[in-house]
Amino acid sequence: MPVEEILTINVKPGWKKGTKITFPEKGNKQPNVIPSDLVFIIDEKPHSIFTRDGNDLVVTQKIPLAEALTGHTINLTTLDGRKLTNPINNVIYPNYEEVVPREGMPIPKDPTTKGNLRIIFNPKFPTRLTVEQKAGLKKLLPSSGVEHGEVARFYGFCQYQLDGEPGNGISTEGTSVN
């Protein structure tokens, strides 16, 4: 006669994909045979905004070039529903990374400790500029004092942005950052 038993798994915050939970001798039961172990393996469900890198959470934001040059405020909702606001006053260049300590995934062995939140920025460059806009930028942005390597890197990024595919952007609190 088959015996039914309910087994409960208390998934701990921060468990990673591949974590195994074993229930010893809870497998199929047969007369005169020791039951096998029942093993469950944790999988991760993809998130619409965050990706996981070890104990860190990573998010990519596309922001307007004007904000990249003049300042940007991060507005994100954390996985536990808190609103995170963090101003950045540095110039944000392609793949600039802002690290927010202790806002990542809980460490399973010590759930009071967390990994970091890493925010990677990709400024959106315009696909065209008018002659007037170009003249205005040349007037505002000095061409001397910039090393050749920086110009080449900047040009390469501009070329990538012009030739690359547009991203989806991230929607935070009802506003879309594309």
Side-chain angles (χ1 to χ4, degrees), residues 13-17 43-108 110-178:
W15 273 0
K16 295 178 185 173
K17 179 178 182 171
D43 197 5
E44 291 178 353
K45 182 179 174 184
H47 192 270
S48 61
I49 296 174
F50 299 101
T51 56
R52 183 175 185 164
D53 183 12
N55 291 317
D56 291 348
L57 287 176
V58 180
V59 63
T60 300
Q61 285 196 344
K62 292 179 184 251
I63 62 171
L65 181 58
E67 289 184 28
L69 296 173
T70 61
H72 175 74
T73 299
I74 301 165
N75 291 303
L76 281 175
T77 302
T78 61
L79 289 177
D80 58 5
R82 292 176 294 112
K83 304 291 184 202
L84 179 68
T85 302
N86 191 19
I88 300 175
N89 295 316
N90 299 333
V91 171
I92 299 172
Y93 48 85
N95 294 316
Y96 175 89
E97 187 172 296
E98 183 77 9
V99 176
V100 183
R102 298 172 301 284
E103 287 293 344
M105 293 298 292
I107 311 281
D110 180 10
T112 61
T113 305
K114 292 182 176 183
N116 296 324
L117 171 61
R118 297 178 10 224
I119 305 165
I120 299 170
F121 292 93
N122 286 314
K124 283 182 49 182
F125 282 74
T127 55
R128 297 179 189 82
L129 292 174
T130 65
V131 172
E132 294 82 16
Q133 288 171 322
K134 289 178 183 179
L137 284 172
K138 284 182 181 181
K139 193 174 184 180
L140 286 173
L141 301 173
S143 60
S144 62
V146 177
E147 293 184 25
H148 181 70
E150 292 179 49
V151 172
R153 185 176 52 155
F154 182 77
Y155 174 76
F157 177 74
C158 289
Q159 205 56 38
Y160 166 77
Q161 286 296 317
L162 293 174
D163 296 339
E165 295 181 17
N168 293 332
I170 296 172
S171 179
T172 58
E173 296 186 38
T175 59
S176 180
V177 179
N178 286 318

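Model, not experiment: these values are computed from the prediction.
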State, yes or no, whether a side-chain contact exists between [X] and [Y] at a heavy-atom distance under 4.5 Å.
{"X": "Thr73", "Y": "Glu67", "result": "no"}
{"X": "Gln61", "Y": "His72", "result": "yes"}
{"X": "His47", "Y": "Leu57", "result": "no"}
{"X": "Leu76", "Y": "Ile119", "result": "yes"}
{"X": "Leu79", "Y": "Met105", "result": "yes"}

(request) Would you check if the side chain of Asp43 reaches a backbone N or O of Lys17 as a donor-acceptor pair within less than 3.5 Å? (result)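 A pair under 3.5 Å: no.
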Within this structure, what is the [atom1]-[atom2] distance for the pair [X] and [Y], rounded to the nearest 0.5 Å?
{"X": "Ile107", "Y": "Asn55", "atom1": "CD1", "atom2": "CG", "answer": "3.5 Å"}
{"X": "Glu44", "Y": "Thr51", "atom1": "CD", "atom2": "OG1", "answer": "10.0 Å"}
{"X": "Lys62", "Y": "Lys124", "atom1": "NZ", "atom2": "NZ", "answer": "8.0 Å"}
{"X": "Asp56", "Y": "Glu103", "atom1": "CG", "atom2": "CD", "answer": "12.0 Å"}
{"X": "Ile92", "Y": "Leu65", "atom1": "CD1", "atom2": "CG", "answer": "10.5 Å"}
{"X": "Thr60", "Y": "Asn122", "atom1": "OG1", "atom2": "CG", "answer": "6.5 Å"}

Quick one: closest heavy-atom pair of [X] and [Y], and the distance?
{"X": "Pro126", "Y": "Leu129", "answer": "CG-CD2, 3.8 Å"}
{"X": "Lys16", "Y": "Arg52", "answer": "CG-NH2, 3.1 Å"}
{"X": "Trp15", "Y": "Pro108", "answer": "CD1-CB, 3.9 Å"}

(request) Name the orientation class of the two ring planes belonging to Tyr96 and Phe121 (parallel below 30°, tilted from 30 to 60°, perpendicular beyond 60°). (result)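 Answer is tilted, since the angle falls between 30° and 60°.
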(request) Could you go through the side chain to side chain contact (heavy atoms under 4.5 Å, CB included) check for Leu84 and Leu117 one step at a time? (result) CA-CA 11 Å; Leu84 179 68; Leu117 171 61; 3.5 Å; yes
(request) Can you sort out the partners of Thr70 under side chain to side chain donor-acceptor pair (under 3.5 Å), two or more places apart, ordered by chain and number? (result)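 Once residues adjacent in sequence are excluded, Thr70 has no partner under the side chain to side chain donor-acceptor pair (under 3.5 Å) criterion.
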(request) For Ser48, check side chain to side chain donor-acceptor pair (under 3.5 Å) against everything at least two apart and list the hits. (result)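 Ser48 satisfies side chain to side chain donor-acceptor pair (under 3.5 Å) with no other residue.
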